[in-house]
Amino acid sequence: MYLSIADALARDINSGVLNQGDRLPTLRELATTLNVTPGTISRAYNEAHRRRLVQGEVGRGTYVLSQGQLELPASNSAAPLNLGQSELLDLSIIKPYSETLEYWLRGALVGMAKSTDFARALDYAPDGGHPAHREAGAQWLRHALPDAQWQQVVITAGAQHGLMVAMSALTHAGDLVLCEALCYPGIISVAHSLERRLRGIPMDDEGILPDALRELCLREKPAMLVCVATCQNPTAAIMSAARRAQIAALAEEFDFIILDDDIYGFLATDPSIKPLSAYAPDRSVYLTSLSKAIMPALRVGYLYSPPKLLSRLTSMVRSSVWMPSPLTAQLASNVITEGLDSKLVRIQRTQAAERQAIAREIFAGFQFKTQPYSYHLWLTLPEPWSADEFTLLARANGVLVLSGTQFQAERGGDNRCVRLVLMSPTSHDELRFALTKLASLIDSDPRRYY
Ligand SMILES: Cc1ncc(COP(=O)(O)O)c(C=O)c1O
């Protein structure tokens with residue numbers, strides 16, 4: 001059915017019934033007219049989008065993109081698109097809203113292939129990456145670190161690789177590594193894979209508590225603190241400037257390295273707050289990637305290091321992957337130097353704010369933490385729910401979320417929180433549908449389910 005609708009759209013565009021810029025009916029309007037579900041229309045519009053016939057734009061709906069000159073062949077796969085209301089809706093992975101991405105990245109790929117400096121992306125790259133790619137990285141980092149120099153940039157294959165590289169290069173097996181008590185599971189897996197002793201520091205609404213950190217440092221000697229100070233994963237906490245300065249002062253006093261994971265820095269509410277690493281630049285490594293701001297498939301990340309730690313990091317990149325692919329680094333560089341990065345960040349922030357408004361409306365009366373531009377929210381379930389129990393039942397009801405237990409740096413203890421990601425549903429309708437399902441589940445009594 002959805003393919004027939006997409007085919008009908010293609011015919012109308014080719015025959016001139018529909019013209020460039022024409023706005024298509026909303027999912028609900030067309031679903032009512034054709035007597036099908038909004039999920040079917042959503043699939044049809046996605047298929048038309050995939051064929052480059054239509055384009056979705058924040059606040060404008062779906063509109064005709066061209067006269068069909070760029071039409072791609074019909075999809076011959078019946079693979080589920082995570083769109084229909086009978087499919088699983090995935091609110092478990094933090095990723096950017098992707099509807100407009102294909103359009104922009106298709107253009108960037110063509111631009112890259114035509115550019116005169118394309119040849120440099122086809123060869124081995126020197127330590128740290130090709131200087132031009134590192135300079136583009138420095139340009140991206142200057143949003144957070146205005147004085148960033150390309151010589152201190154190390155290209156990685158995404159932020160997860162950056163975490164692995166920095167922790168393995170700058171600490172030793174058996175070392176004590178600190179993180180937030182609730183933290184991104186990728187930090188937990190890297191620390192344990194490398195046989196570091198991982199300890200979670202208690203947190204409040206701003207992130208880790210300086211007093212708790214100090215108390216631990218008086219008893220033991222940490223080698224590194226890994227910290228996500230902006231839109232923390234999973235609590236969405238943003239650390240104030242004063243707290244950042246306190247943590248940095250403790251790093252100086254007790255001589256440990258800060259690994260400042262700022263992958264969500266572009267979602268800050270107050271961009272004048274400096275990254276944590278800027279408060280102790282000589283003992284901090286700044287870490288980010290383009291996965292959340294541009295697209296996860298790029299696998300391009302950047303470490304920004306004080307000169308004295310640089311060779312340990314570049315050498316660990318060599319040991320781990322020889323070099324991140326210069327081809328994707330070239331594409332990332334084109335996106336950055338042509339200013340497409342700012343446009344995509346604007347699209348993501350607008351989309352996140354709109355989705356936050358939907359979540360606030362549906363979850364009014366529930367207890368949750370988030371930020372105006374955060375991709376995710378951290379929801380506390382009422383008694384007597386447990387996080388694991390809720391996650392299982394949400395899945396049985398067609399919605400994937402992550403249980404709070406997955407984020408506990410140290411295992412054990414009670415958990416009644418779940419992390420919900422707002423950006424993966426392809427439309428606001430789909431998001432509403434998923435959140436409404438979750439809200440009605442939360443309102444029910446878990447003891448009724450068997
Ligand atoms: C805090 C944090 N750091 C690092 C990563 C890994 O990002 P990448 O996809 O660039 O490897 C994630 C992904 O969710 C994350 O939330």
Side-chain angles (χ1 to χ4, degrees), residues 90-98 101 129 137 140-141 144 153-168 177-191 193 198 200 203 207-208 224-239 258-268 275-277 285-304 317 320-321 324-325 328-329 331-332 335-336 341 344-345 348 352 370-371 373-378 400-402 404 406-409 419-424:
D90 190 346
L91 307 194
S92 72
I93 297 182
I94 303 189
K95 57 181 189 177
Y97 158 76
S98 61
L101 213 57
W140 168 256
L141 297 181
V153 175
V154 178
I155 298 181
T156 65
Q160 185 66 30
H161 181 227
L163 280 168
M164 187 66 139
V165 163
M167 207 185 288
S168 49
V177 171
L178 308 179
C179 64
E180 292 115 347
L182 292 162
C183 76
Y184 162 57
I187 296 170
I188 303 175
S189 67
V190 166
S193 304
L198 187 69
M203 306 160 77
I208 55 176
M224 172 180 272
L225 166 71
V226 189
C227 188
V228 183
T230 299
C231 287
Q232 202 258 350
N233 185 2
T235 64
I238 297 186
M239 201 181 269
I258 295 175
L259 183 52
D260 177 17
D261 183 342
D262 197 34
I263 190 166
Y264 303 112
F266 67 102
L267 298 174
L276 176 58
S277 49
V285 173
Y286 180 88
L287 162 83
T288 190
S289 80
L290 300 178
S291 305
K292 313 296 180 181
I294 314 289
M295 69 169 174
L298 264 180
R299 308 313 304 147
V300 172
Y302 305 106
L303 292 171
Y304 192 73
V317 170
S320 56
V321 295
S325 165
T328 51
L331 179 58
V335 166
I336 294 166
D341 57 337
L344 293 173
V345 164
Q348 295 302 342
T370 191
Q371 301 291 340
Y373 302 104
S374 171
Y375 285 6
H376 65 280
L377 56 87
W378 183 240
L400 290 178
V401 301
L402 280 193
Q406 303 217 10
F407 300 94
Q408 289 176 195
R419 191 194 70 184
L420 313 179
V421 181
L422 307 178
M423 301 296 269
S424 35

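Remember, it's 1-based here, ligands and their atoms both numbered in the order they're listed. All heavy atoms count here, side chains included; hydrogens, waters and symmetry mates do not.
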Item to check | CG-OG distance between Leu163 and Ser168, expressed to the nearest 0.5 angstrom | outcome: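 Result: 10.0 Å between the selected atoms.
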Next on the checklist: Nearest 0.5 angstrom please: Leu225 CG to Leu259 CG, how far?
Outcome noted: 8.5 Å
Which ligand 1 atoms does [X] reach within 4.0 Å, using its non-hydrogen atoms?
{"X": "Ala159", "answer": "4 (C), 6 (C), 7 (O), 8 (P), 10 (O), 11 (O)"}
{"X": "Arg299", "answer": "8 (P), 9 (O), 10 (O), 11 (O)"}
{"X": "Gly158", "answer": "10 (O), 11 (O)"}
{"X": "Ser289", "answer": "10 (O)"}

Item to check | Under 3.5 Å: N/O of His161 near N/O of ligand 1 | outcome: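 In fact, backbone or side chain, His161 has no N or O that close.
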Checklist entry - Taking N or O atoms only and a 3.5 Å limit, does Ile94 qualify as a polar contact for ligand 1? => result no
So, [X] side chain and [Y] main chain: donor-acceptor pair closer than 3.5 Å or not?
{"X": "His376", "Y": "Ser92", "value": "no"}
{"X": "Gln232", "Y": "Met239", "value": "no"}
{"X": "Ser424", "Y": "Asp90", "value": "yes"}
{"X": "Tyr302", "Y": "Trp140", "value": "no"}
{"X": "Gln371", "Y": "Ala236", "value": "yes"}
{"X": "Glu180", "Y": "Val228", "value": "yes"}

Heavy-atom nearest neighbour in the protein, as seen from [atom], with distance rounded to 0.1 Å:
{"atom": "atom 7 (O) of ligand 1", "value": "Ile263 CD1, 3.3 Å"}
{"atom": "atom 1 (C) of ligand 1", "value": "Asp261 OD2, 3.3 Å"}
{"atom": "atom 6 (C) of ligand 1", "value": "Tyr184 OH, 3.3 Å"}
{"atom": "atom 13 (C) of ligand 1", "value": "Lys292 NZ, 3.0 Å"}
{"atom": "atom 16 (O) of ligand 1", "value": "Tyr264 OH, 2.6 Å"}

